[in-house]
Amino acid sequence: MVPIKATLFEDFIDGYFPLNVSLGHMLTRHGFSSAWILMRVAPMMEIPGLTAAEPVPLHLNPAHGGQVDWLAATIRISGQIASLSGLAKWHWNDPARANEKKFLTTLRLAEPAFLRGVGFMAGDVYSRSLGKVRRETNDPNILLLSTAQLAADPVSYKLKDKLDSALCWRTDFSQGLATLTPAALQPWACPYLELPDKKFEEGLLFRNTNNLPMSGIIADSLACL
Amino acid sequence: MISQQLNDTITRIGPKTEAGAVLRCYWHPAALVEELESQLPIPVNLLGERLALVLDDAGDLRLVTRISAIGEPAVFYPDSTEIKIEVTGPTYPVMVKKGIAFAYLGNGEAPEFPNFDCFRADDTHVFAFKGLWECNWLQALEIGIDPAHASFLHRFLKDDDQGSNYGKQFRDKVAQTSMPMTQVLREYPRPDINVEETDYGLKITALRHMDNGQTHVRITNQIFPEAICIPMSREMTITQWHVPIDDENCYWFTLFTSFKEPVNKELMRAQRLKEHKLPTYAPLKNRENSYGYNPQEQADETYTGMGMDINVHDQWAVEGMGRIQNRTREHLGRSDKAIIRYRRILRQAIDAMGAGNRNALPMQNGEKIKTIIGPLSNDAVAPTENWSGASHQADLERRAACPWDASV
Amino acid sequence: MTQQTPIPAEEFIDAPTGWVRILDREALEIARPLIPVVLNGQRLVLFRDEEGELGLIGRNCPHRGADLCYGRLENNGLRCPFHGWHFDRTGQCVEQPAEPEGSPMYKAIKVPMTPVEERDGGIWAFLKDGDTT
């Protein structure tokens, strides 16, 4: 279990750019090398034939519109662009796309999206999901847990006794976005609920000492369950 | 950009609509007391319904259904002798507060009124007025939760002498500086905007970091579902509802609240009656006369060329979008974050009502509603490295010096 | 006595696809060279920028639909009075002064433009059938 430097944050990302481009802008703005984010209710669009650099059309053709109901993902910067891995629930207005399984992160948001998340800075600690992140020695409020540690269930409960309002978030990183279906969702575990019997690679454990109240991100995450 | 279907869901408020169901959970301004003082009954066109304010058998005001012709104009205002009541139609309760008759058109028991400053102030310190805007209520509300536009739409290219500006917004000096508000808005057009959800809606903070190591902090509020509470001057705030007449027309109803001197109601009323015609309170400047647009004035004096009254600028902006803004063509920026946060709350409320969960809506939790006070709404200046206490401090000072009980 | 309207009256032109002479050159020789035109039902605004070149772009600002007929003709383009979004004569948004510093969002925003040129003492526009946006 490694204490790492992390910042709880809220932000809006620009619409009209490909999602991964907007998220890349956001990471750069905050000085993060990676982040874990949660977005809810974000209108989106996919315009056939529109190249990444072209302006968006004036009018949204309803056949091209849809909505990200929620997205929970880790993001890492490579160059100027962010790459995403995580879970999402979405729907398109076009009924022909109802059973789509692939969620392309190069689609565009149809308006700026509000999101909450945790940001990480570049450092020496290797994390499979977050890239190399910075250790925190000064009163850490977040711990990075490896697979072995997650497997030892009593550890989480022991920590829960020690830390006030400890919340353990686990996301299934073993599957990329490409194979997701709405039916396969179990993104969260919270110490107040049953632990899922899924295999996780890494987890975050943190306590509520940050200036920014955690109630918002907790409410959002429970709404996704 | 959103789909036409979603746009319809958030804008349409007639009796069987989803947004209409949310709005009907709340009290709405139905008429000014000054309208009732001239005659009764009076017509009230509200939330797509054709109604009238009458005195019932017990001598209380009540909102009843009036018989109306198909194709009647939206703001039809028949004389009281011509009003005929549809006796089998719905009737609704009415409460008079501070010069406005509020009505509740929803199911079940009406909720409590929150204890906002505009309701707590002495009668001498609150003035009520209304005006017609020929557009959908939602775009009228959204201009009120858009802190970025004031630096452009309401930009005065020169600053006025502050003496003759009683009752006019943005014409006061900013507290603790000698800079007029119009100058602050003009020179610092790129505010940092913070939005927080509250028990009444949203608290919106606009920060303008000035060159002198100081920051101008402006706090405005959204009161769910259709109102705003914003500062007007160092002494006064505006609490303004954007009340649907139908899907294509609305009235703004405003309570001007003073924390210091009694309001000069004669002057406020006279200023506004010069700009509106009775009995419909329709503004004299409108689409037909291009809002008084003057290109020479646009070059020399005001950003819009439409005169000094900022209410006219807002009217132009919201009516110019069309009767119902076509949001399939809308492109919001990050500076529109308060609008985006508001629409999230509205859509969550629509979903909650659809699931039969009215208690999840803002200010629908019984006894607790009366404990909602304020909200804080002011302009303040503070050192940039520590601005967050300044508004709170300025608010407490104003409340301490207030002749009526404004304590929090 | 009629007062000159501050915004010129709309010019309506309906014609098949192709180049059409929509106005005489003199029509734009007014103090504020801007005229609303409706071409095959599409509401547009015709204006001359500071370089003397013509622009013919959609009439409503892509931000929130404000009427660009009331725009500020300045900085070699047309600026919406609502939030100061600035468009060049091709309809490309070139500035959004209230967006956060460094925001690239303006690059993704463009108002559709109708090709327009001057020849033979007239202003010509390339019409398309109906509203194709």
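All values below were derived from every heavy atom in this structure, side-chain atoms included, with hydrogens, water molecules and symmetry-related copies excluded. Naming convention: chains lettered A, B, ... in sequence-line order (proteins, then strands); numbering from 1 in each chain.
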**Q** Counting only non-hydrogen atoms closer than 4.5 Å, does B/Arg344 touch chain A with its backbone (N, CA, C, O), its side chain (CB onward), both, or neither?
**A**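 The side chain, not the backbone.
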
**Q** Quick one: what part of A/Leu109 sits under 4.5 Å from any heavy atom of chain B, side chain, backbone, both or neither?
**A** neither

**Q** Side chain, backbone, both or neither: which part of B/Arg327 has an atom under 4.5 Å from a heavy atom of chain A?
**A** neither

**Q** Establish, from distance only, whether the side-chain atoms of B/Arg12 and B/Asn136 form a donor-acceptor pair under 3.5 Å.
**A** no

**Q** With a 4.5 angstrom heavy-atom cut-off, is it the side chain or the backbone of A/Met44 that approaches chain B, or both, or neither?
**A** neither

**Q** Determine whether more than 12 heavy atoms belonging to other residues, nucleotides or ligands lie under 6.0 Å from atom NE2 of A/His30.
**A** yes

**Q** Measuring heavy-atom distances to chain B, does A/Asp14 have an atom under 4.5 Å in its side chain, in its backbone, in both, or in neither?
**A**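 Contact with chain B is through both the backbone and side chain of A/Asp14.
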
**Q** Just checking, is any N or O donor in the side chain of A/Gln67 or A/Asp69 under 3.5 Å from an acceptor N or O on the other one?
**A** yes

**Q** For chain B, which candidate among A/Pro57, A/Gly15, A/Gly65 shows the most heavy-atom pairs at distances under 4.5 Å?
**A**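 Top option by heavy-atom pairs under 4.5 Å: A/Pro57.
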
**Q** Would B/Arg341 pass as a cation-pi partner of A/Phe114, given that its NZ or CZ must be under 6.0 Å from the six-membered ring centre and within 45 degrees of the axis?
**A** yes

**Q** Do you know which of B/Asp336, B/Ile2, B/Leu332 has the most heavy-atom pairs under 4.5 Å to chain A?
**A**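 The candidate making the most pairs under 4.5 Å is B/Leu332.
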
**Q** Measure from NZ or CZ of A/Arg40 to the centre of the six-membered ring of A/Trp70, then state whether that distance is under 6.0 Å and the direction lies within 45° of the axis.
**A** no

**Q** Determine whether more than 12 heavy atoms belonging to other residues, nucleotides or ligands lie under 6.0 Å from atom CZ of A/Arg29.
**A** yes

